Amino acid sequence: MEKISGSAAVHLRMTKLLAAASLISVAISGAAMAQDTAGAAEEELDVLDEIVVTGFRQSLTAAINVKKNSTSAVDAIVAEDIAKFPDQNLAESLQRVPGISIQRDAGEGRSITVRGLGAQFTRVRLNGMETITTSTDGASANRDRAFDFNVFASELFNSIVVRKTAEASLDEGSLGAVVDLNTGNPLSYKEGTTLVASAKAQYNDLSEDLSPRIAALGAWVNDEKTFGISASLAFSDYETLEMGNNSVRWQQARFRSVGGESCAEASAACDEVAEAFHPRIPRYGEVGHDRQRLGATASIQFAPSEATQISIDGLYSKFKETRTEKWGEVLFRGNEGTMDIRDYVIEGTNMIAATVDNAWVRIEDYRRDSSTEFHQLSAKLEQDITDTFRIELLGGFSQSDADIPLETTIIFDDRDTTGYSYDYSNMKTPVLSFGPGIDDPTAFQFAEFRDRPSFLTNKFRNLALDAEWDVNDNIQLVGGAMYRRFSFDTVGYRRDSTYCSAFTCADGTYGAPVTADLADTFELGDAGQPSGNTNSWVVPNMAAAADLIDLYGREAVLRQAEDRGVIETVKGGFLQANLTGEMGEMAISANAGMRYAHTKQSSTGFNNGTEVTVERTYDDWLPSANIAIFPTPEFAIRAAVAKVITRPTLGSLTPGGSVDGFNYRVTSGNPFLTPYRATNYDLAFEWYFMDDAIASVALFKKDIKSFPISTTTTGTYASTGLPLSLIDPGSPAAANPEGRPWEIRSTGDGPGANVKGVEFSVQTPFTFLPGVWSNFGTILNLTLVDSDVDYEIGGNIYTEPLLGLSKKAANGTLYYEDDKFSARVSVAYRSGYLDGTSATNNIFEGYNSSMNVDASIRYEIMDGLEVSLEGINLTDDYRDRYTDLYEQRNYEYNHYGRVFMLGVRYKL
């Protein structure tokens, strides 16, 4: 850990200031504040040390001071923000920071994007140690480096520090930002016992679920303030519904007949319909999320002398979800050749409406049980060797297990329905009308079943030794060595089959007869559907259907493509100089240094039925420099430049795939994929124009050397790094592996990209206004980002922004606070962004803009006792997803409802 220039006492005073920012007086972790206070004037810190933060406005003041006293670009949120913003988890707290946008799952924040770069480019540290925790979203589990913030309740943490520029002393691995999450510091409490408890009743107006959310914290500190312990607990159990429609993309295909005319022969009408896009699987449905989140922290601190401090911190979290889906749909996908089209409407390139006979109607019931269990234990020793030399030793481990023991789908089909119609005249809310039989179980057959359990484990081992030497009052040298070991293992199984492949079917059938005891009736609620839509249909009774076929007694077959792992060991160190001084009347602080990282990577996967492990190493020298200039005490200019890296995505590193010795073709991942490497440039202007206020402009640019892309190249077999044993013994390549060039299909290093943008931020209390108006204040942020990436799709080049990048993001808060009453309303806006390059001849897919409005009011009844009312997503914003950037075809349009929380909080 790096501390400010000067004595250790100065550092401790700053730590106390940050600690005071919590309503319960919890400290910001010293490890998390490394180097953020470099260059602050000691006399300023003496004044700040006297502040005791007990309200929202003062917490904002503390966060401003963290930013002002930092040499690098830093934003902070302290506990008063987290506890009193109407946030369900840490991701939603982070969206208040300039330059950060979030992606939601089940209506709550899950992952973050920083300055246009997605979650995989952000490194997250808990109490100073890098870690990963993953959960599942609507499509699949997170099997990459991204950090899922929804695993943790916001109540467990007392500060978040976002570092947007790199330093040699800061862990490498981020192109976007390093986010520090910090739990409690026992010695920041008052002597004796501290107890805090809160309870909330949470209500969702779509699911009509009323559920609990509780949190508690206890601490004890001895009279000498040399020993302290603390523990906290947070628990919530709630249900959310997601209602809407989904097309599962659009595609082109030839139907059996159009307007009564067979398409077996050439036909203008058949050609016109075949060339138009139609929805692949148009459907309305309901997705249920039954979630339970439990978290706990514990800390011990011992300071036997002013020169020594020992800390032990533990954190545990368990996030469980049962996700259910009930869909009524038509499976156009691949079955158009058996269907007949009439009464169709084509607009542009899309067949937006049609009536369909012999439609393949499918009813799905889906359930996924998932659990993410996380634990971390860390220990830290801070030791002053002399007045000018000190060391810090930090070590620990963390583990995140993301398991899906059950992921079951039961499918009933009716493959010759007459009179089905769809109408996408309104692309967001289509009319889907089923013909007769949709409410009759006997019209269906039990056609297919699936079960896909999977298991993931991430482990981190961390050890770091840092040293600081105050050369004089203006120069400090810091250096250190570090060791990290990260392991990733995932495995998946399947019990998938059509009914007739697993059991004997009668002639002319495609499944088992469906009886009333195998089905239930489903009533669609408020999914935004217009009149004329079919809102009731039968659905499988999953338990009865699974019992009928003894689904869970069937052998789960290993999916070799889903059995893979990566072990990554990083060794290295850094050397950095921290400088403070004056140039004329201007105060200056700066740091410059070099970080070295030696990465050893071992990737494992299955190729042609054989487990393959490929190893490689690479080295990175990462210089960086930051400078902060204060022309006046109220104005700061910051500049930074740094070489940065993000290691390759875990899914791309697998050597798994196949070797075709007959055609000299290799299809696999790429365990030799180059890390994302970039040069970051930053320039910021900050005006602290009055007490507790700031107006700032920050410019940034990221020159990214390469992005992975799908590739097809030619080369030698030896160049793949795969063993000869994978070549089929009966193939020509077995006798002559290098007889001719191999076609190698994999993921390779793309042409690179650049990201550039600007952040505007204003934060001010209205203390300049008279009377009651002086109790108001505001926080406003606007981020504008752009990038250019060349994507090759279907042989054509398209220049568009990075995937996941919103060109505009803004958030604003208007607040009021007096001695007893406080109120806030917050708005978070994110413009549309691309999410993928899509498929079935669609060009890109993504999300349209979103806007979330949250609000809260609080009243202190008596000292230590307050009540609160909070509202989340007050406008019930819909998630609006499209396929094809240029045609904006409907992909998904759904909503989650509003959330209201009534709470009470007590401090003893």
Side-chain angles (χ1 to χ4, degrees), residues 75 77 85-122 137-138 146-150 160 162 164 176-177 179 242 244 428 698 700 702 755-762 779-787 789 800-814 825-836 844-855 871-883 885 888 891-899:
D75 284 291
I77 309 174
F85 266 130
D87 299 328
Q88 300 175 93
N89 60 48
L90 292 174
E92 296 181 10
S93 300
L94 280 164
Q95 72 178 330
R96 319 293 177 188
V97 173
I100 293 184
S101 300
I102 67 172
Q103 188 158 5
R104 296 176 181 269
D105 175 46
E108 63 178 351
R110 182 190 186 198
S111 60
I112 67 171
T113 295
V114 182
R115 290 180 166 179
L117 293 174
Q120 73 187 81
F121 298 103
T122 297
D137 66 2
F147 188 96
D148 288 339
F149 289 89
N150 58 347
I160 305 175
V162 181
K164 297 178 182 176
V179 178
E242 176 181 339
K428 298 183 188 303
F700 57 89
K702 303 175 186 293
V755 178
K756 53 189 175 183
V758 57
E759 295 172 0
F760 301 94
S761 179
V762 175
I779 311 166
L780 302 172
N781 301 306
L782 171 65
T783 303
L784 306 176
V785 191
D786 198 8
S787 71
V789 180
E800 295 293 343
L802 284 172
L803 301 181
L805 183 146
S806 293
K807 290 190 172 184
K808 298 178 183 178
N811 65 74
T813 296
L814 178 66
V825 60
S826 300
V827 179
Y829 169 81
R830 181 180 185 182
S831 66
Y833 60 95
L834 300 177
D835 190 49
F844 297 107
E845 60 191 43
Y847 293 86
N848 285 312
S849 63
S850 65
M851 181 178 292
N852 287 81
V853 180
D854 306 329
I872 300 169
N873 190 26
L874 293 177
T875 60
D876 193 12
D877 192 49
Y878 273 68
R879 181 169 65 178
D880 183 3
R881 187 179 182 187
Y882 61 83
T883 184
L885 172 63
Q888 292 279 308
Y891 194 134
E892 183 179 39
Y893 192 70
N894 50 30
H895 69 137
Y896 309 93
R898 303 168 182 85
V899 175

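Position 1 is the first residue of the sequence; numbering continues from there. Predicted model, so just to flag it, every value in this text is computed and none were measured.
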message: Rounded to the nearest 0.5 Å, what separates atom OH in Tyr847 from atom OG in Ser806?
response: 11.5 Å

- prompt: Taking all non-hydrogen atoms of both residues, which atom of Leu803 and which atom of Gly836 are closest, and how far apart?
  reply: CD2-N, 3.9 Å

query: What distance separates Leu784 CG from Ser831 OG, expressed to the nearest 0.5 Å?
result: 9.0 Å

query: Step by step, would you call Leu805 with Tyr833 a side chain to side chain contact (heavy atoms under 4.5 Å, CB included)?
result: CA-CA 5 Å; Leu805 183 146; Tyr833 60 95; 5.6 Å; no

field: Gap separating the NE2 atom of His895 from the CZ atom of Arg879, nearest 0.5 angstrom
entry: 12.0 Å

message: If you define the side chain from C-beta out and look only at heavy atoms, does anything of Ile100 sit under 4.5 Å from Asp75?
response: no

field: Between NZ on residue Lys428 and CG on residue Asp880, distance to nearest 0.5 Å
entry: 3.5 Å

- line: Here the pair of heavy atoms bringing Thr783 nearest to Pro98 is OG1-C, 4.0 Å

- request: Walk me through it: do Thr113 and Gln103 pass the test side chain to side chain contact (heavy atoms under 4.5 Å, CB included)?
  value: CA-CA 8 Å; Thr113 295; Gln103 188 158 5; 5.9 Å; no

query: Do Asn873 side-chain atoms and Arg898 backbone N/O form a donor-acceptor pair below 3.5 Å?
result: no

- prompt: Does Arg115 have any salt bridge (Lys or Arg N to Asp or Glu O under 4.0 Å) partners at least two apart in sequence or in another chain, and if so, which?
  reply: Asp682, Glu759

message: Can you pull out every salt bridge (charged side-chain N to carboxylate O under 4.0 Å, His left out) where at least one residue sits in residues 801-813? Sequence neighbours excluded, please.
response: Asp786-Lys807

message: Could you check whether any side-chain N or O of Asn781 sits under 3.5 Å from a backbone N or O of Arg96, counting only pairs where one atom can act as donor and the other as acceptor?
response: yes

Closest non-hydrogen atom pair between Gly244 and Asn894, with its separation: CA-CB, 3.8 Å

- request: Evaluate the side-chain proximity of Tyr829 to Val853: yes if any heavy-atom separation is below 4.5 Å, no if none is.
  value: no

field: Spacing of CG belonging to Asp854 relative to CG belonging to Asn852, to within rounding of 0.5 Å
entry: 6.0 Å

Donor-acceptor contact below 3.5 Å, side chain Thr883 vs main chain Glu845: no

- request: Give the minimum heavy-atom separation between Gly812 and Leu780, together with the two atoms involved.
  value: CA-CD2, 3.9 Å

Interatomic distance, Asn848 atom CG to Tyr893 atom OH [nearest 0.5 angstrom]: 9.5 Å

- request: Given side chain to side chain contact (heavy atoms under 4.5 Å, CB included), test Tyr896 with Glu108 step by step and report yes or no.
  value: CA-CA 9 Å; Tyr896 309 93; Glu108 63 178 351; over 6 Å; no

query: Can you name the nearest heavy-atom pair linking Gly176 to Val114, along with the distance?
result: O-CG1, 4.0 Å

- prompt: How about Phe700 and Val785: do any of their side-chain heavy atoms sit closer than 4.5 Å?
  reply: yes

Minimum side-chain heavy-atom gap Thr875-Met851 below 4.5 Å: no

- prompt: Given the rule in the side chain to side chain contact (heavy atoms under 4.5 Å, CB included) test, do Ile112 and Val179 qualify, once you have shown the distances and angles that lead to the verdict?
  reply: CA-CA 10 Å; Ile112 67 171; Val179 178; 4.1 Å; yes

message: For the backbone of Leu802 and the side chain of Ser787, can you confirm whether one donor and one acceptor N or O come within less than 3.5 Å of each other?
response: yes

task: Write out all pairs satisfying salt bridge (charged side-chain N to carboxylate O under 4.0 Å, His left out) with one or both partners inside residues 826-835, taking only residues at least two apart or from two chains.
output: Asp835-Arg881

message: Please find the pair of heavy atoms, one from Tyr882 and one from Tyr891, that lie closest to each other, and give the distance.
response: C-CB, 3.7 Å

- prompt: Do side-chain atoms of Asp876 reach the backbone of Gly897 as a donor and acceptor pair under 3.5 angstrom?
  reply: yes

